[in-house]
Amino acid sequence: MQQRDVFVPSARRSFLSRFGAALAAAGATFGAGAVSMTAQGASDQRWQPTRHAEDDWYDKLPGKHRTILDAVSGQGVGDALHFASNILTTSKSGYGLDSGDLAVVICLRHGATAFAFADPMWAKYSEPMSSHAKFTDPKTKAPAVVNAYNSAEYRGLLANGPTTIDSLIKQGVHFAVCAQSTHGYAGDFARRTNGTADAIYKELTSNLIGNSHMVPSGIVAVGHAQEHGYAYVYTG
């Protein structure tokens with residue numbers, strides 16, 4: 001009796017111990033499955049950027065590789081042109097890619113916006129245009145009367161070297177032009193000339209360099225471009 005009294009509780013404890021371990025193992029397996037299912041569900045709900053019709057032109061540019069260069073100053077425009085030329089040249093020499101294989105966009109915003117406009121606008125609004133760009137003609141040391149980055153006469157005097165805006169346009173480079181900055185320019189020019197901001201804005205946007213796309217704002221444009229697969233390069 002004493003042996004039986006000792007043995008039975010011991011066996012019962014052993015059984016309960018094994019049963020508890022089995023339950024724990026099953027719970028661990030179920031828990032891991034639940035975590036896996038939760039993780040899978042979360043991956044299916046990954047954030048995706050919203051597409052807008054205003055940005056469709058990004059995807060219309062042909063190219064196996066995409067780059068957007070972000071210029072915010074007069075100096076930055078020269079660097080952006082130089083870097084864009086390097087992208088085209090070294091993609092050809094190093095990877096055998098032609099310009100048609102690349103989508104390259106230069107964003108002109110803030111002080112760089114001035115260089116989105118053709119020579120007639122620089123001639124007409126020379127002083128305020130140069131002031132916004134913080135740019136002085138390297139030859140005359142006075143406000144510029146032409147878009148110097150689109151003139152071969154300034155070769156060796158600016159950061160772009162021999163690369164002009166038109167030479168890049170011929171190779172398929174495009175430009176995103178900040179409408180917000182352009183409105184700011186138009187308002188300032190209107191105050192200086194007793195004109196109207198709306199009329200001057202229309203005048204400016206009717207005298208853009210080639211391959212230009214007006215975008216609501218440059219800072220938004222560079223963000224949306226990255227969402228469309230463009231590598232981002234800041235040029236200052």
Side-chain angles (χ1 to χ4, degrees), residues 68-85 104-171 173-222 233-236:
I68 185 163
L69 300 106
D70 184 18
V72 300
S73 67
Q75 174 69 29
V77 176
D79 289 334
L81 297 174
H82 176 68
F83 294 154
S85 177
V104 179
V105 175
I106 297 175
C107 181
L108 301 175
R109 63 184 178 94
H110 199 51
T113 309
F115 295 96
F117 309 118
D119 287 349
M121 295 297 93
W122 279 85
K124 185 173 182 178
Y125 300 109
S126 174
E127 186 175 347
M129 193 81 83
S130 297
S131 177
H132 279 276
K134 294 181 173 57
F135 181 84
T136 300
D137 189 305
K139 288 184 175 182
T140 65
K141 309 304 179 184
V145 295
V146 297
N147 187 332
Y149 286 122
N150 205 24
S151 172
E153 295 181 9
Y154 292 86
R155 286 182 178 176
L157 300 177
L158 297 170
N160 59 314
T163 303
T164 63
I165 291 171
D166 279 345
S167 70
L168 290 179
I169 290 172
K170 290 177 181 177
Q171 296 180 80
V173 174
H174 285 244
F175 298 85
V177 182
C178 180
Q180 181 78 356
S181 292
T182 303
H183 278 296
Y185 283 32
D188 180 48
F189 297 176
R191 288 187 291 271
R192 294 173 184 248
T193 63
N194 294 320
T196 65
D198 288 344
I200 293 176
Y201 178 84
K202 183 176 181 180
E203 181 183 30
L204 289 171
T205 55
S206 296
N207 285 273
L208 293 168
I209 57 177
N211 284 359
S212 288
H213 307 263
M214 294 301 300
V215 294
S217 73
I219 190 64
V220 171
V222 294
V233 179
Y234 179 75
T235 65

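In this chain, residues are counted from 1 in sequence order. Only a predicted model underlies this, so the values are computations on that prediction, with no experimental measurement involved. Scope of the values below: all heavy atoms of this structure, side chains included, with no hydrogens, waters or symmetry mates.
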Q. Does a side-chain heavy-atom distance below 4.5 Å link Leu208 with Met214?
A. yes

Q) Taking everything shown except Arg192 itself, do over 12 heavy atoms lie less than 6.0 Å from its CZ? A) yes

Q: Verify, without hydrogens or angle tests, whether Trp122 (side chain) and Ala114 (backbone) share a donor-acceptor contact under 3.5 angstrom.
A: yes

**Q.** Considering all heavy atoms, the nearest Ala197-Ala186 contact
**A.** O-CB, 3.4 Å

Q: Taking the side chain as every heavy atom from C-beta outward, state whether Leu81 and Leu168 have any atom pair closer than 4.5 Å.
A: yes

Q) Does the ring center of Tyr125 lie less than 6.0 Å from the ring center of Phe117? A) no

Q. So which heavy atom on Thr235 is nearest to which on Gly76, and how close?
A. OG1-O, 3.0 Å

Q.
Using 0.5 Å steps for rounding, measure from the OG atom of Ser73 to the CZ atom of Arg109.
A. 10.0 Å

Q.
Do Ile200 and Thr196 have side chains that approach each other closer than 4.5 Å (heavy atoms only, starting at C-beta)?
A. no

Q.
Just verifying a value: how many Å separate Ser212 OG and Ile169 CD1, rounded to the nearest 0.5 Å?
A. 6.5 Å

(Q) Can you confirm whether Gln180 is buried at CD, in the sense that more than 12 heavy atoms of other residues, nucleotides or ligands lie under 6.0 Å from that atom? (A) no

Q) Between Asn147 and Asp119, is there a donor-acceptor pair closer than 3.5 Å when you use the side chain of the first and the backbone of the second? A) no

(Q) Test your reading of the model: is there a side-chain donor-acceptor pair from Thr163 to the backbone of Ser85, 3.5 Å cut-off? (A) no

Q. At what distance, to the nearest 0.5 angstrom, does OG1 of Thr182 lie from CZ of Phe189?
A. 9.5 Å

Q | Flag, side chain of Asn207 to backbone of Glu203, donor-acceptor distance under 3.5 Å | A | yes

Q. How far apart are the closest heavy atoms of Ala159 and Gln75, and which atoms are they?
A. CB-NE2, 3.5 Å

Q) Would you say His132 has more than 12 foreign heavy atoms packed within less than 6.0 Å of its NE2? A) yes

Q) Any donor-acceptor pair under 3.5 Å linking the side chain of Ser206 with the backbone of Lys202? A) yes

Q. For the side chain of Lys134 and the backbone of Ser131, is there at least one donor-acceptor N/O pair under 3.5 Å apart?
A. no

Q | Backbone of Ser126 reached by a side-chain donor or acceptor of Ser130 within 3.5 Å | A | yes

Q) Taking all non-hydrogen atoms of both residues, which atom of Cys107 and which atom of Ile68 are closest, and how far apart? A) CB-CD1, 4.2 Å

**Q.** Set of residues satisfying side chain to side chain contact (heavy atoms under 4.5 Å, CB included) with respect to Thr164, sequence neighbours excluded
**A.** Asn150, Asp166, Ser167

**Q.** Tyr234 side, atom OH; Phe83 side, atom CZ - distance, nearest 0.5 Å
**A.** 12.0 Å

**Q.** Heavy-atom check, side chain of Lys139 versus side chain of Leu157, under 4.5 Å
**A.** yes

Q.
Is it the case that the side chains of Asn160 and Tyr154 hold a donor-acceptor pair, with the cut-off being a distance below 3.5 Å and no angle test?
A. no

Q: Compare all side-chain heavy atoms of Met129 with those of Tyr185 and state whether any distance is below 4.5 angstrom.
A: yes

Q) Does any non-hydrogen side-chain atom of Val173 lie less than 4.5 Å from one of Ile106? A) yes

(Q) Could you check whether any side-chain N or O of Tyr201 sits under 3.5 Å from a backbone N or O of Gly184, counting only pairs where one atom can act as donor and the other as acceptor? (A) no

Q | Residue pair Ala179 / Pro216: nearest heavy atoms and the distance that separates them | A | CB-O, 3.7 Å

Q | side-chain contact (heavy atoms from CB on, under 4.5 Å) between Val104 and Leu69, worked out | A | CA-CA 8 Å; Val104 179; Leu69 300 106; 3.6 Å; yes

Q. For the atom pair CG (Leu204) and NE2 (His183), what is the distance rounded to the nearest 0.5 Å?
A. 10.5 Å

**Q.** Non-hydrogen side-chain atoms of Leu108 and Cys178 separated by less than 4.5 Å
**A.** no

Q: Measure the spacing between OG1 of Thr205 and CE of Met121 and express it to the nearest 0.5 Å.
A: 10.0 Å

Q: Please examine the side chains of Phe175 and His213, heavy atoms only from C-beta on, and report whether any two atoms are closer than 4.5 Å.
A: no

Q) What pair of heavy atoms forms the shortest contact from Thr113 to Ser181, and how long is it? A) OG1-CB, 3.3 Å

